[in-house]
Each structure stands twice: as C-alpha cells, then as structure tokens.
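To start, the structure under review is shown below, and the notes come after it.
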Amino acid sequence: MKLYEYMGKELFNSYGLPVPEGTVIKSAAEAKQGFAAIGSPAVVKAQVLSGKRGKAGGIKFVDTPEEAEHAAAELLHMSIQGLAVDQLLMEEKLKIDQEYYLAVTIDARAGKPVVIASAAGGMDIEEVPEDRIVKKHVDINLGIQPYHAREISYRLGLKAEFFPEFARILTGIFLIFREKDAELVEINPLILSGDHFVLGDAKITIDDSALAKHPELPRVEEKTENEKLANALGLAYVELDGDIAIMANGAGITMGTIDAIQYHGGRAANFLDAGGGSNKEATAKALEILLISKPKAIFINIFGGITRCDDVAGAFAQVKAEKGIEVPVVIRLVGTNQEEGLRILRECGIEAYKSMNEAAMKVVELAKLA
Amino acid sequence: MAVILDETARVVVQGITGQQGLFHTKRMLAYGTKVVAGVTPSKGGQAIENVPVYNTLAEAVQEQGANVSCLFVPARLAKDAALEAMDAGIKVVVAITEHIPVHDAMEMVDFARRREAVLIGPNTFGIISPGKSKVGIPPDQYFKPGPIGIVARSGTLTYEIVANLTEAGYGQSTVVGMGGDRVVGLSFIDMLQRFEEDPESKAVVLIGEIGGNAEEEAAEYIKDMSKPVIAYIAGKNAPPGKRMGHAGAIIERGRGTFQSKVNALKAAGALVAELPFQVPELLRTLKL
C-alpha cells in the first residue's frame, strides 16, 4: 500500500523528523485560507501515487492568495498518469542549497534492507548515474549503526557539521521502515536549507501482508471497483485492457495463460488467480467478477493440483444457470476429479480441452468472431 | 542421487493439527515421505496418522531425529515457527505459508544464513524428488523419476510444465519451488549449482517470472554450466506496477522485465521457451 506524500510527512513528523510547514487542501477556496496560514512564497503539490509528478505539471509555486486559488483550481482538474487529483498539499517554499536522495528499501536479491543515497537529489533516481549512487546494506537485526551514517555522509560529501543531523534522519527513516513494515521509505529530495535538513518529499510503501499489524496507519485504496471486489474475496485480480476474460488457478499459470492468449493474437482482459484449492463457492464468485468486465470471450484454465475439477465445473454450471453467460466460453480442465468435471460441463454444452495451448488458440478465434 | 531431499529425510510438520497441515501430512505419508513428527504448541502428546505430535521442535528433533521441517503455520506465526525449527538444528525448512510479511521473511533468511540452513519459500509448493520423497503440497501424480532438475518460482505453472515433461517421457530428479514472494531463502543460482553437481540431473529447467532480477543473475551462472538449461519466463504481457498475484511478480521502475530476462538467459546459452508446452520440445533438441 502506497501512502500519499502528506501521510508520509505526517509519519515523519511523528518520528521527530523535520518536514516543511504544510496543509492539505481539497478545494480552491481552501487554498486561499491555506495560503494565509503558510505565508508567501508557497508551493502547491498534487497528491497522487505516481512518480513524475513534477514533469506532469503537478507542482506549482505561488506568491499571492489569488495565485494559490488559481493554482489549486487548475491542479484539482488534472489527472496525472490516469490518476485524478483530488487532494493537494500546500507547503512553505524552502530555500534550497542542495538536494539529496535518501531511501531505505529491500534488496530482494540479498534479502536485506539497503540504504540508497545520492548527492544528485531531486531527479528520478533511475536517471542518476551509478557512480553517483551510494548503496549500503544494513543487517536486519542490528539496524542503522553510527558507522553507516558516517560512511554515507562521507560518500555524499557532506560537511562534518551536518553529520549528526544526517545520522538522526537516517536512523529515523530506518526505524519507520522497520516499525511500519515498509517496503520503501524514500525522500527525494532531502533538502539542505541553510544550516539544516528538511525532508522535501515522502514516498512510503507498506507491505500489504503486514497491514493487519498496523491499524494505526491510514488506508489508501488504489484499485478499481472490480479489483476491490475480487480482493475482498481473497482473489488476486488485475484489470488489463484486452477483451478475453481469464481465470486460472495459481499466479504463475495465470501469467502463462495471458502469455498464451497474446501469443495466439488475442488480448487478455484481466489477470484472475482463483488460487490453488478454491472451493465451488469461491470459484462461482470469481466467475461472476469475470462477467462484470463484459468480455468478448471467457477462458477458464484449470490444471488441478489441489483444485477439484468437479468444483470448478459445478461453479460454472451454477453461474451459467443463475446469471446466464452470453459470450463464448472455452474451458481447459485437467486434474483431480476430472471425469466428473467433464461430465458436468458436457451437460452445460461445453466440451473441455485437455491442452492449454489448443484451448488458448480456440478462445482467441472465438473472440475475433464475436 | 537427488538434491536437498531424498528418501532418508525425516520430516517434521509444523502446524500438523491444522486443516492444511493434516491434509498434506496424509498426502506426504501416502507418497512415502518419512513424516516422523508433528508440532503444534499446546497439542503435544497425541498422534495423528500414527505420527507423534510434540509441543516444541526441540522435542521432535530429540525424540524422532527430524531433520527437515515443513511449515503449515498461519502467516502471522510463521516467522516464529521457522526460527524455532532452525534453532532446534533443522537444516532444511520448507515454508509453504503465503502472505508472510516481507520483514519477517528477511529475518528468516538472515537466521537461515547464520545457521547454514536451507530455507525453501516462503510461499512455495515445496520440494519433491520423485519416487523418493516430497515435502510440501505438489500433486505428486504428475511427477516421475528421471534426469531433469527443475527450479521454479511458481507452483501451478510448475505442475503444468512437469505434466508436459512427464507426458513427453522426461522424468525429474528434484523439483523445487523457491517461492513467489519478494524475499525468499533460495536463489536460482543455489539450485543451479546443486543440479550442476548432481550426477543424476542431466539438464535443468528454470521456470521464472517477471519482477526482480533473479533470472538475470542466474544467467551469469548459466554461462559457466556444463549442463543445458531450458527456461520459461511467465508474465511477458504483464503491465508495469501491477502485482501479478505474487508479491515478487511486479515490474518496478523498468526493472525485472520479460525482455531483460530472456535476453540475459539467451546470451548465456540457455534455451528459452515462449510457452510452457514448448519446454519438452526444446529438450528434444538436446542430446541427454
């Protein structure tokens, strides 16, 4: 779960880390009041969960209440990378002497936390040359030690007088990373303003698997209505932009199914992993979600390890009888209780395939005719 | 020979009294796996399927000489269970549980390294050396003994490919699932090295997916291998920024794309299948 910038900064603030004076704004009228509180000059920033906000025009500097109102009105009508802007963060504009990049994240390959820092802050870290990036692994049990902060400070070329404050910030964000089960705590830029640091931005991602441990954190919803519906049922669902709805059991085979569809010239409408071992009821609900996206054809690809073929077939028969399925359906069904599953499908007028590849070819053909 | 797991393994099932634990304990026993103990805190003293249940891992190790553990423990308790197993001297821990928080996974991986234990998973189907033993949940009817070593990130995709291989006459030496999470105990290289050294394994099938850079790393090792490697990477058509079911299967900031993995693997001399069913076809082009 990604947090909005203003949520991240509230978290920083609660850990005693320095953030700019700021206020959240939801209308142009609020912008005028906000400006009166913050004072001139100020900056207004669109609150979206996507990078490249600055380049998309999502940040505006304002010097008067009228400018603030105007900028807010404009930003609240924007959408950035397909995401509508409905909240803004207005902050004091800082004097910037130098911008740094600082993040704590997970190096999946090493299986360890890693600190990433650069004196080339303010730009997308992906565009910073490798020799200007400092990376330092941190022992998960020991956490940040003084030597980490010292070494990184030297390598960033900080003046010695700033070492203690940098160490305090690094220790603070690592603490947030650990205590909040974060996958990423990123500050870009970390601003050196006069004789102190200010955390200029906040990108924090919390591990979805750990959310239950953190009722104190705000909840941010980034999903489409269908995705929410499917996730509430415990199914992994992602909307794609094609017209063949897909259900399979297991993440890998679902990806493989999408690949097979595209290979044969079709386009998948979604990724729906009904899980290994889903029962009849869960499978029926998953099928209903497929129908909502109004596909041209449906492809059900079940290779039953734990999943029972008769459950899948029964669920299909039930949904077909209750909701009606207008579009062509291709089913590949192999595994436990396969014969019973095939018999149920035959009663629904469907001859299931044994080969995933042949079934994929067929559904692409049917979608093209539809 | 097989790698990591053979018929001598003495398995303890953690969470044996739960629904999943019980179901798969029966299936493991039916396959011939030596399940010698179960552990569920506060439920020790009974026997399930003639397997004695203990309160602690230390007892299971002491009384039954357990040396492999299989975890069917809920996500919020899984880290503790894994640490307990490794502290009791278990050298192979198979963590089936999904949705384990990634910070917990990092602590498990760290402890496994310090104890020189093999951590398989989290979020894995487990490991099977066909005809010898299986630890975890793979549907064993599709597996046959033979010369192909398989290492994979995902479960059902592995079953699909294994079924294709078995049908084409290619049995398997050992099949291991590393797990679908971002942080897991094993790397592709850990397994490639073992298969390279295993006299029974004549070729290796690597089943990867988008996200991370484990496949690119594996390619570096494949360059120097004497045995042929055939790879399939799932997720060619996955959009960036979306998790494809597995926590690890996400293309972030242009990293972990299908193309970078395929390019690296091909450059290293691996054969790359475009679809799962092509894996046996590619094997047929080799002299094994």
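Here OG of Ser209(A) is found 6.5 Å from CG of Asp181(B). Values are rounded to the nearest 0.5 Å. The distance from atom NE2 of His99(B) to atom CG of Leu211(A), rounded to the nearest 0.5 Å, is 12.0 Å. Taking NE2 of His103(B) as the start and CD of Glu179(A) as the end, the distance is 11.0 Å to the nearest 0.5 Å.
For the residue pair Gly250(A) and Thr156(B), the shortest heavy atom distance occurs at CA-OG1, 3.2 Å. Heavy atoms only, all atoms of each residue included: Gly235(B) and Met255(A) are closest at CA-SD, 3.6 Å. Summarising the geometry of Asn141(A) relative to Asp110(B), their closest heavy-atom pair is ND2-OD2, 2.7 Å, with the distance given to 0.1 Å.
Contact of Arg243(B) with chain A is made through backbone and side chain together, with heavy-atom distances under 4.5 Å. For Lys236(B), the parts lying under 4.5 angstrom from a heavy atom of chain A are both the backbone and the side chain. Using a 4.5 Å cut-off between heavy atoms, Glu227(A) touches chain B through its side chain atoms alone. At a 4.5 Å heavy-atom cutoff, Ile161(B) makes no contact with chain A through either its backbone or its side chain. Proximity to chain B (any heavy atom under 4.5 Å) is restricted, for Leu240(A), to the side chain, taken from C-beta onward.
Glu107(B) is linked by a side-chain hydrogen bond (donor to acceptor under 3.5 Å, both in side chains) to Arg178(A), Lys79(B), counting only residues two or more places apart in sequence or in another chain.
Annotation: side chain of His264(A) is in contact with side chain of Leu275(B) (closest heavy-atom distance under 4.5 Å).
The pair Arg114(B)-Asp139(A) does not meet the salt-bridge criterion, since no charged nitrogen lies less than 4.0 angstrom from a carboxylate oxygen. Note on Arg109(A) versus Glu220(B): no salt bridge recorded, every NZ/NE/NH1/NH2 to OD/OE distance being 4.0 Å or above.
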Report the C-alpha separation of Asn249(A) and Tyr159(B) in whole Å, then their side-chain angles, then the decisive distance to 0.1 Å, and conclude whether the side chain to side chain contact (heavy atoms under 4.5 Å, CB included) test is met.
CA-CA 11 Å; Asn249(A) 58 330; Tyr159(B) 312 155; over 6 Å; no
Run Asp207(A) and Arg182(B) through side chain to side chain contact (heavy atoms under 4.5 Å, CB included) and show every step you take.
CA-CA 11 Å; Asp207(A) 177 8; Arg182(B) 275 180 78 181; over 6 Å; no
